[in-house]
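Right, one structure below, let's go through it.
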Amino acid sequence: MEKQLISKSYYHTFIEGINNVEPIKILGELYKQEQQNEMPELSYIRFAQGEVYFLNQDFETAIFKWENVSNELKPWAQKNIADAHVEMNLLAIAEDYYNAVETDSEVLETEVLLQLFSLYIQLDDHPKAVDAIKQAVELNPDYSDVTDMARVFFEDQQDWDNAVELAVNEAKRTESLSWFVTLEEYVEDGHTAHIHPSYFSEVILPLYHIDQNRFESLATALWNSYQQNDLYFTWLEEINNLLVVQEPERSNTWSKLSNQFRVTYFELMNGKYLIHEFSYLIPTYLTNWMKLATASDAIIASSAVLSWNEIYPANLEASTINMAEGLLNQSDRYQEGIKDGVELYESVMKWADAEGLIVDKRNQWIISELQDLHQYHLMITGTETSGKGVFINTVLEEELSEEAANATVLYKDADNAKIHAITDEEERMIAEHNDFKETIKKEQTFISCRMPVSFLNENKLSLIDAPDLTNQDKFRSKANHYLNLADGLLFVINTDSNLTSNELDQAVKIKDQIPDLPIHFILCKSESNLDSQVAMERTEAMINRIHAYFPNAKAFTFSANEGRKNQMDQFSAFIQTIKNGHNIEEGRTASILYYIKKSIEFLLDRREEEEYSLMNKVEWNEEVVTKLKGAQHQLHDIEENSDQVINKSYNKIIEKWRQDLTMKLQELIRNSAELVDEDSDLGKVHMELNDKINKRINDYMEETVLPDLHVELQDWIEQSDSELNDSQTYLREMSDSFNHLYDEEKISFECDSEVLNDWHRDIERMTRKNIALTQVTFISHFAISQSLWKSAGKLVDTLLKNKEILHDKFKHYIKGKDYSKSIKIVVDEFMQPFEIFGKSLERDINMFFSEPYKVLTVTLSEAYEEIEESKDLLSDMRKNPELYRNPITLFEIKLRQHEWMNCNTGTVRLSQF
């Protein structure tokens, strides 16, 4: 019946079995018949009539019929009325009718929601459409096509949150793989990356038990989606917690997840993250990885566990360690050791370069040599009297090897000769033979000597000439760093020495250092009769003693007296026996890892050195600041002393001359009375006297004062020059002291010598003749009249008659008059430029010392800046030590991981160091 009500075919229940009659006519007749009943029930017929009118698009009549339905079909009638309004495009009215439907029928309620969903789409009301379809899904998800309708709608609207929610809910509810596939598609398209990973836990876990392949695929998709956002570690924690309680079946190959674990592990280890950011994940992460690891990844996962356990031993459970050891033992030999080792070394070098750190140049050369698998590296060593140098020179056909060499030399065949000397800090080319001879005397230097050597070329051989053995400790310090470069070691023994126990002990100690390094022996003979019975017996006894300690060792007999070609042919055959059955690649992998370890140790040492260097730099600069401040005080004292000495002596000269001039001019003016005689006209004599006095004063200044003053001032300049030169000498000694402290020509306390030149020029100008002093009135007519007549009284007539008495009285007046005021005017004018010059002396002396002041100020500022810069760097290093230590620790973990993988090959050379 619900299907009929949904499709509006309920009317068929009334016309069943009646053919060829219009349904509306049949229903009409039934309606009339029902009306004849005492209590007619017309609602059913009216409902059916409404359906027929609706189907014939008579919507108003259909609505009229349905409005009069009052039985249990009324909710369906209301829904149909809404449908009719939709058909008439009266959508708002239709919405009201739909919302007014009240029913207990899930089917009807679902139909109403679907109709509302359709209506809201027509109204372009997205939120209400979403609400309607979500209600329908929640109410009746198994209703025909309702979830598919919702999915299509969400996808068309790109409403991915709701689409994801629908897929998750339906996947959990139905456990249908199609919904898991849909969800995976959403994940792959990036529509879930912002959703918290825990949201997917309840849908992933059931899938693990439904279909493990699909589980792996969905988990991998989610993994990739979170990889580059802030929820990445949250996802890793979520998937780890989910997997840790599972026991994945080994029969299933988890290739996708194994790969994902491997890729992510190396991403975590590439230095992008600090260890403390992800270390809490590592125990469960590595445990899960081992559970899921493919055969090829098992060795990587298990070695990762063992390497982390070495660095952080408290973090991993014993069961995990046992599982790792078991997997490692069961794994096949790792084939990518050299490649991975070189990549690790390059990553270390890249990081060091970015940090501005100096790396050990020797290791770079050595690792480059170790990658050449076509060359067999044969190290040769022996005691000082072994004859090693003679043997090597015979092979090279060059006099290059010396018994007293301290450097390690790698001889390699090449078309053109090139020699490089490499230390931990630098590399340089060697072009001269004498330079080569000097360089090989330096300890810890590595020399790469490439040149045409036919024997080396034919045998694909590189010879490593190690320093002679004087005692084991010296050998360890000189050659230990290069032992891992060798694929094999030739220990040279002089047969004339009868193989002393000390020599054999040294060979044994080398074996103890590197147990898997093949050690063979060269027996050097110097006797002319090599075939003598005694010589043969001695050689046989020596070989027996060697085999007692080195059962697998081979021995080659060499004599400097025998023909080279024959011996080299035999030695070539000897080399082939050494090389046969020797797996170079395995040993080279271990050697590369050894030099990576040494490079990391070198960087750690440099870090410590850098910190100490910064501390020393701060302390050193603080001492320099103290010395510079002391120098500033000294300079101030020197300047002040020079200023006092020079100014005092100058002022003394000027004051003396002022006093002398005042006295001399007084006398000169009074002596001018002699210029008055009986013929002098007393009415005009004052003018003549003033002119003559001014001229006498001017002449006196030019002829007497200026020359004498010039001499005195020149003496003063010489004294000042000496004083300033003494200061300059002292300052130069001070600058030399500072430059010795700086170990460079950094400071120069050169004073301004132009100051003295300026003084010379100014003195010459001021003491030059042809001065023109202002005319001064020493004797005025008014003053004369007053002096002559003020007490004459009755003697006036007598004086007028007797001119001699008058002239005498005038002379007496001139001699007795006080000229101090007028003299002061003259002296002030004359001394003015000298006094102005004197006032400028302090400024000039300051200018003389100005450059040292500037140098001290600048140098002091630089010292303060270096102190602050060094302190800031130290503070950063101490505040965030993990920023430096973190990459180093990661490199160490990777290194140990490679060592464990390499140990699986049976090669354990590295672990001995």
Side-chain angles (χ1 to χ4, degrees), residues 254-255 257-271 275 282-283 285-313 315-316 320-349 363 366-367 370-371 373 484 487 514-517 582-601 887-913:
W254 301 88
S255 57
L257 277 176
S258 180
N259 179 70
Q260 200 71 46
F261 269 96
R262 176 170 44 78
V263 170
T264 300
Y265 175 75
F266 287 117
E267 285 177 350
L268 293 173
M269 299 290 288
N270 68 6
I275 292 174
I282 288 298
Y285 186 93
L286 295 180
T287 302
N288 288 329
W289 186 12
M290 286 195 298
K291 290 179 181 180
L292 299 166
T294 59
S296 59
D297 284 346
I299 188 173
I300 304 174
S302 56
S303 60
V305 169
L306 296 174
S307 61
W308 271 91
N309 184 57
E310 287 190 15
I311 306 299
Y312 300 102
N315 290 2
L316 292 161
T320 302
I321 306 302
N322 293 334
M323 185 192 304
E325 291 173 347
L327 273 179
L328 191 66
N329 291 330
Q330 296 167 16
S331 300
D332 294 334
R333 190 176 73 84
Y334 190 64
Q335 302 292 333
E336 303 294 330
I338 291 180
K339 173 179 167 292
D340 288 352
V342 171
E343 287 178 358
L344 175 57
Y345 178 75
E346 289 174 350
S347 66
V348 173
M349 294 303 99
N363 293 343
I366 291 171
I367 287 180
L370 288 169
Q371 294 176 66
L373 299 180
N484 282 73
D487 299 310
I514 310 182
D516 64 314
L517 178 66
H582 183 73
N583 190 328
I584 291 180
E585 187 173 349
E586 291 182 5
R588 294 287 179 88
T589 301
S591 295
I592 287 173
L593 296 180
Y594 170 81
Y595 288 109
I596 293 173
K597 182 176 183 178
K598 289 301 177 184
S599 296
I600 292 173
E601 290 174 355
I888 294 290
T889 304
L890 291 175
F891 290 139
E892 288 176 332
I893 293 172
K894 290 179 186 177
L895 175 63
R896 284 305 298 148
Q897 183 175 4
H898 287 303
E899 290 174 0
W900 277 110
M901 289 191 289
N902 196 51
C903 284
N904 189 48
T905 67
T907 303
V908 293
R909 178 186 304 186
L910 182 70
S911 62
Q912 303 303 314
F913 287 87

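Only a predicted model underlies this, so the values are computations on that prediction, with no experimental measurement involved. Side chains included, hydrogens not; waters and symmetry mates left out as well; all remaining heavy atoms used.
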Any side-chain heavy-atom pair of [X] and [Y] under 4.5 Å:
{"X": "L344", "Y": "D340", "value": "no"}
{"X": "F891", "Y": "S347", "value": "yes"}
{"X": "L316", "Y": "W308", "value": "yes"}
{"X": "I366", "Y": "Y594", "value": "no"}
{"X": "V305", "Y": "L327", "value": "no"}
{"X": "M349", "Y": "S599", "value": "yes"}
{"X": "I275", "Y": "Y312", "value": "yes"}

- [ ] Can you label the angle between the W289 ring and the Y265 ring as parallel, tilted or perpendicular, going by 30° and 60°?
- [x] tilted
Task: Atom pair CZ (R262) and CD1 (I300), whose distance is rounded to the nearest 0.5 Å - done: 5.5 Å
Task: Sidechain N-carboxylate O distance under 4.0 Å for R588, E585 - done: no
- [ ] Report the residues that fulfil ring pair (Phe, Tyr, Trp, His ring centres under 6.0 Å) with Y345, sequence neighbours left out, ordered by chain and then residue number.
- [x] none
- [ ] Tell me, please, which residues at least two apart from E336 pass salt bridge (charged side-chain N to carboxylate O under 4.0 Å, His left out).
- [x] none
